[in-house]
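First up is the structure itself, then whatever we jot down about it.
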Amino acid sequence: MDGLLFDSERLYREIFCELLEEAGREQGKARFPQLVGLGWKETCHRLENWYPGIDAAGFVADWKRAVHPDRGRMPRCKTGVNAVLDPLD
C-alpha cells in the first residue's frame with residue numbers, strides 16, 4: 001500500500017534532504033524527483049555521480065533506517081483515503 005494509500009514519497013524526500021544537508025551536500029529537493037521510481041542500486045549510482053566521494057551505500061542505509069516505522073516518522077494517508085476506508089468498518 002506504500003504510495004497508494006500512504007504519502008511515503010513526501011517522507012522519503014524530507015529525509016533525503018535532511019541527510020544530504022547533514023552531510024554538507026546541496027540540491028536535495030532538486031535532485032530527489034530524479035530518484036523516484038529507481039531501485040536502490042541505481043539510486044546509489046546517481047548519488048555517486050552527483051556527489052563524488054559520498055558513501056552512497058552508507059547514505060542509502062541511513063536513509064532506509066530513518067524511514068523505518070520504528071523511528072516514529074510515519075507517512076501520512078493520502079487525501080481521501082479515510083473516506084474510502086471508513087465504510088469498510
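Because the structure is predicted, anything quoted here is derived from the model rather than measured.
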How many angstroms lie between atom [atom1] of [X] and atom [atom2] of [Y], to the nearest 0.5 angstrom?
X	Y	atom1	atom2	value
Leu11	Glu9	CG	CD	11.0 Å
Arg65	Ile15	CZ	CD1	12.0 Å
Leu38	Thr43	CG	OG1	5.0 Å

Pair up each side-chain donor or acceptor in residues 27-35 with any protein partner under 3.5 Å, not counting sequence neighbours, and list the distances.
from, atom 1, to, atom 2, distance (Å)
Gln27, OE1, Arg31, NE, 3.4
Gln27, OE1, Arg31, NH1, 3.3
Gln27, OE1, Arg31, NH2, 3.0

Within the 4.5 Å heavy-atom criterion, are Trp63 and Leu20 side-chain neighbours or not?
no
Sequence neighbours excluded, the answer for side chain to side chain contact (heavy atoms under 4.5 Å, CB included) partners of Glu21 is none
I'd like to check the side chain to side chain contact (heavy atoms under 4.5 Å, CB included) partners of Glu26; sequence neighbours left out, ordered by chain and number.
none
What residues form a salt bridge (charged side-chain N to carboxylate O under 4.0 Å, His left out) with Asp55, not counting sequence neighbours?
none
Test of understanding: with salt bridge (charged side-chain N to carboxylate O under 4.0 Å, His left out), list the residues that count as partners of Arg25, not counting sequence neighbours.
none
Which residue pairs satisfy the salt bridge (Lys or Arg N to Asp or Glu O under 4.0 Å) criterion with at least one member in residues 36-49, sequence neighbours excluded?
Glu42-Arg46
Considering all heavy atoms, the nearest Ala56-Cys44 contact:
CB-O, 3.5 Å
Test ring pair (Phe, Tyr, Trp, His ring centres under 6.0 Å), reference Phe59, set Tyr51, Trp50, Phe16, Trp40, output is Phe16
